[in-house]
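Written below as structure tokens is the structure these notes are about.
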Number of protein chains: 2
Amino acid sequence: MADHRSVPEPTLRRLPCYIHVLKKVEQLGRQSVSTSDISRELKLDPTQVRKDLSYTGIVGKPRVGYPLKDLIEAIEHFLGWDECTHACLVGVGHLGKALLGYNRFGEYGVRIVAAFDVDEAVVGARISDHIVYHIDALPEIAQRFNIEMGILTTPASAARGASQNMVEAGIKAIWNFAPTALELGADIIVENAQLYATLAVLSRQMRGRVQAQPKPSPLRITPGAEQMGPEP
Amino acid sequence: MADHRSVPEPTLRRLPCYIHVLKKVEQLGRQSVSTSDISRELKLDPTQVRKDLSYTGIVGKPRVGYPLKDLIEAIEHFLGWDECTHACLVGVGHLGKALLGYNRFGEYGVRIVAAFDVDEAVVGARISDHIVYHIDALPEIAQRFNIEMGILTTPASAARGASQNMVEAGIKAIWNFAPTALELGADIIVENAQLYATLAVLSRQMRGRVQAQPKPSPLRITPGAEQMGPEP
DNA sequence: ATCATATCGAGTAATAAATCTCGATTTTTG
DNA sequence: CAAAAATCGAGATTTATTACTCGATATGAT
């Protein structure tokens, strides 16, 4: 199973897709799934799914598959999504408001406990049940609420400064939605939401298709679907 | 170079990062950049950057680098971001509103010309200068405005139906923000926005850190300030 | 009970991507 | 004007990831 430092990143990116599929299957009332089921849904190779799942430590039964409930739990535990991480959001613009309004981060182990901005027009406001504080209050509030993660949704021009503020407030992990490189110490974990990466692939395919299909198609892998539904 | 069907997807995903860096550098008034400059900013290998750039057809000069303006244009042209694609957005929830309010898609070759939903509460409204139509009007409006791309921001439960509507309206490319795999014909280009993929990587790193892999993400930029970004 | 079948899981092969090496070229420096 | 330094670009090497193969095993059908 699953030594921490040997999990391929592509695997990590696919795991959320599996969770989404599995939850859908769960709603159909089924008790188990096979990798064939999953791979059919996501158009992946079954053995790849099997290998990915093996990292979580789950064990399946030949001819049957995996116990559905256990499998979901195994993946969520593997990703740490069964535990709650306190997060703050910095940058209450359009995207920030959207994320504040998205009230299902709990499923992903994240709970936004505070929001920050510098704009007096939003500071003090209540956005989808979250109070917006001035960025100057970050250190105190981060400590008070034990905030471990920062969600960075400022414009690019403010991103570096805001990330600096986060680090000074003791935050160790940043989910960066700004299209900007952050310059931070090596002990800070930064992950880029990379919105435009997928647009680039799409754009490129639109003109002149990237990978032509005239081939024993190496099962084109667009690391499947996952992400958030914007709320009903 | 730049044979359509031989561009690695990782390369495509990195190209937008290069653009962001280059535009920053441009604002510093510089005329050229080297791959060393870029790789320093993005913490990538210089030869990898060089290989990526070579797909766009740009040619550099030893000891100098690439002409900045030409390079930006080459990448944007390569991605088709120098031409305007008409897009519609389906699903005017939190995320949909955020994307409608983000008025810089033009830089990425995309122009949202209409929005759709089924909810009477938003149909007919004007969101950030975009009129929201009922989904039933999609075929007519798609044709009238020559809409080629669909941005799918419905909840997961509505995603398949909405994608079906798009296809019936003649849309050939879908940027899918819903956490669902779409079941569409092979001629429809679908790209999943993958929000939770990055969260999975981040979560995993927070507990027990992944292999010491050079991650292509941690962006950071030198000086300056400026544009692009998820809007305040 | 026996057989056929679907599926797991481990191992191996093939493919794709990242990294390294090195000669060539341009600019700057002495 | 020659030498040094930086960087390009092609190709080779290494590493990572995906795809394939096959023996084992649980289930359902005959």
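Throughout, protein chains are lettered first and strands after them, A, B, ... in sequence-line order, and every chain is numbered starting at 1.
The side-chain contact (heavy atoms from CB on, under 4.5 Å) with B/Tyr66 is formed by just one residue from the set B/Thr35, B/Val59, B/Leu22, B/Ile38; it is B/Thr35.
The nearest whole Å value for the distance from the OH atom in A/Tyr55 to the C1' atom in D/dT18 is 11 Å. Here the P atom of nucleotide D/dA16 and the CG atom of B/Asp45 are 14 Å apart, to the nearest Å. Atoms CD (A/Gln48) and C1' (C/dT15) sit 13 Å apart, rounded to a whole Å. One atom, CZ of B/Arg13, and another, C1' of C/dA16, lie 12 Å apart when rounded to the nearest Å. Across the protein-nucleic acid pair, B/Leu71 atom CG and D/dC8 atom P stand 10 Å apart, rounded to whole Å. In this structure, CD1 of A/Ile58 is placed 15 Å from C1' of C/dT7, rounded to the nearest angstrom. Straight-line distance from the CG atom of A/Asp52 to the C1' atom of C/dC8: 15 Å, rounded to whole Å. A/Leu44 has its CG atom 12 Å from the C1' atom of D/dA19, to the nearest Å.
For A/Lys51 against D/dT17, a side-chain-to-base donor-acceptor contact under 3.5 Å is absent. A donor N or O paired with an acceptor N or O is not found under 3.5 Å between the base of D/dT7 and the side-chain atoms of B/Arg63.
Taking only side-chain nitrogens and oxygens, B/Ser54 never comes nearer than 4.0 Å to OP1 or OP2 of D/dG9. Phosphate proximity of C/dT27 to B/Lys61: present, with a side-chain N or O under 4.0 Å from OP1 or OP2. Between B/Tyr66 and the phosphate of D/dG9, there is a side-chain N or O to OP1/OP2 separation shorter than 4.0 Å. Of the side-chain N and O atoms in A/Arg14, one or more sit less than 4.0 angstrom from OP1 or OP2 of D/dT18.
As judged by a 4.0 angstrom heavy-atom cut-off over every strand, A/Thr35 is placed among residues touching the sugar-phosphate backbone only. Using a 4.0 Å heavy-atom distance criterion, B/Thr47 is classed as a base contact.
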Walk me through it: do B/Phe177 and B/Leu99 pass the test side chain to side chain contact (heavy atoms under 4.5 Å, CB included)?
CA-CA 11 Å; B/Phe177 285 81; B/Leu99 295 184; 3.9 Å; yes
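Take the nearest nucleotide of DNA chain C for A/Arg50 and for B/Arg50: the residue whose nucleotide is more 5' is A/Arg50. Mapping B/Pro62 and A/Val64 onto DNA chain C via the closest heavy atom, the residue that lands nearer the 5' end is A/Val64.
Between A/Trp175 and B/Tyr196, the ring planes are tilted. Angles from 30° to 60° get that label.
With a 6.0 Å radius and a threshold of 12 heavy atoms from other residues, nucleotides or ligands, B/His77 has its NE2 atom at or below the threshold. Within a 6.0 Å sphere centred on CD of A/Glu107, heavy atoms belonging to other residues, nucleotides or ligands number more than 12.
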